[in-house]
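Accompanying notes for the structure given below.
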Amino acid sequence: VLKQRRRDLRVRLEKIIVHAIQTIVDEERRELIRKRLDQQAWLTTQLYEDPEVPLWCLAAARALDDGSDVPVEAHPLLRAMVVRSLENALDEPIAHLL
């Protein structure tokens, strides 16, 4: 019974996350986030010696490009942002439930 409840909760949370991303991240916002990630890549080259750090920003930005194969609702950064927002709203961690 507990395993089924956990699965049901995971499914409900997944639906909420997907719906939130599809609702919030329209074309204009997607482009804004992409540009911001490109800017952050430059900034991280100034702040960190590790050359890999700016590549994370660029990879996230490229996944938001028009021709990307990554569906917006599957974008790891967008998903993490929504999960964190839900955790803030609920004042409770939920990432471990996914």
Side-chain angles (χ1 to χ4, degrees):
V1 172
L2 187 57
K3 283 185 178 184
Q4 183 60 43
R5 283 185 183 175
R6 191 172 173 100
R7 274 190 292 257
D8 292 347
L9 179 58
R10 186 177 300 130
V11 168
R12 286 195 313 264
L13 285 172
E14 179 65 25
K15 287 179 182 180
I16 291 168
I17 292 165
V18 168
H19 179 72
I21 293 171
Q22 291 173 341
T23 301
I24 296 167
V25 185
D26 58 11
E27 289 300 312
E28 183 178 334
R29 185 144 306 141
R30 184 188 56 78
E31 182 66 14
L32 180 69
I33 295 168
R34 188 194 59 74
K35 286 180 181 179
R36 180 67 180 187
L37 286 165
D38 282 333
Q39 293 168 349
Q40 292 291 57
W42 177 84
L43 181 62
T44 58
T45 63
Q46 309 306 307
L47 297 174
Y48 301 99
E49 293 181 19
D50 185 347
E52 189 174 305
V53 175
L55 296 178
W56 299 338
C57 296
L58 293 173
R62 296 298 65 82
L64 291 171
D65 281 341
D66 288 335
S68 173
D69 292 337
V70 179
V72 70
E73 61 273 2
H75 193 283
L77 178 61
L78 299 179
R79 291 181 62 81
M81 291 169 67
V82 168
V83 167
R84 187 65 180 128
S85 293
L86 289 170
E87 289 176 333
N88 283 336
L90 298 169
D91 196 28
E92 185 176 331
I94 62 166
H96 68 284
L97 300 172
L98 297 169

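Numbers here simply count residues along the sequence, with the first being 1.
The backbone N or O of Ala60 lies less than 3.5 Å from a partner atom in the side chain of His75, making a donor-acceptor pair. Using modelled atom types, no side-chain atom of Ser68 and backbone atom of Leu64 make a donor-acceptor pair closer than 3.5 Å.
Between Ile33 and Leu78 there is a side-chain heavy-atom pair separated by less than 4.5 Å. Considering only heavy atoms from C-beta on, Leu37 stays 4.5 Å or farther from Leu58 through its side chain.
Shown here is Glu28, whose CD atom has no more than 12 heavy atoms of other residues, nucleotides or ligands within 6.0 Å.
Leu43 and Leu32 end up in different hydrophobic clusters when Ile, Leu, Val, Met, Phe, Trp and Tyr side chains are linked at under 4.5 Å. Residues Leu98 and Ile21 share a hydrophobic cluster, clusters being chains of Ile/Leu/Val/Met/Phe/Trp/Tyr side chains in contact below 4.5 Å. Under a hydrophobic-cluster definition in which Ile, Leu, Val, Met, Phe, Trp and Tyr are linked whenever side-chain heavy atoms come within less than 4.5 Å, directly or via other members, Leu77 and Ile24 are assigned to the same cluster.
Residue pairs meeting the salt bridge (Lys or Arg N to Asp or Glu O under 4.0 Å) criterion with at least one partner in residues 87-98, sequence neighbours excluded, are Arg84-Glu87. Sorted by first and then second residue, the side-chain hydrogen bond (donor to acceptor under 3.5 Å, both in side chains) pairs with a member in residues 49-62 read Asp38-Arg62, Glu52-Trp56, Arg62-Asp65; sequence neighbours excluded.
Taking every heavy atom of both residues into account, Ala41 and Thr44 meet most closely at O-OG1, 2.8 Å.
To the nearest 0.5 Å, atoms CZ (Arg34) and CD (Gln39) are separated by 10.0 Å.
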Side-chain donor/acceptor pairs under 3.5 Å, residues 6-18, sequence neighbours excluded:
{"residue": "Arg6", "atom": "NH2", "partner": "His96", "partner atom": "O", "Å": "3.3"}
{"residue": "Arg7", "atom": "NH2", "partner": "Gln4", "partner atom": "OE1", "Å": "3.4"}
{"residue": "Asp8", "atom": "OD1", "partner": "Gln4", "partner atom": "NE2", "Å": "2.8"}
{"residue": "Arg10", "atom": "NE", "partner": "Leu97", "partner atom": "O", "Å": "3.2"}
{"residue": "Glu14", "atom": "OE1", "partner": "Arg79", "partner atom": "NH2", "Å": "2.6"}
{"residue": "Glu14", "atom": "OE2", "partner": "Arg79", "partner atom": "NH1", "Å": "3.1"}
{"residue": "Glu14", "atom": "OE2", "partner": "Arg79", "partner atom": "NH2", "Å": "3.4"}

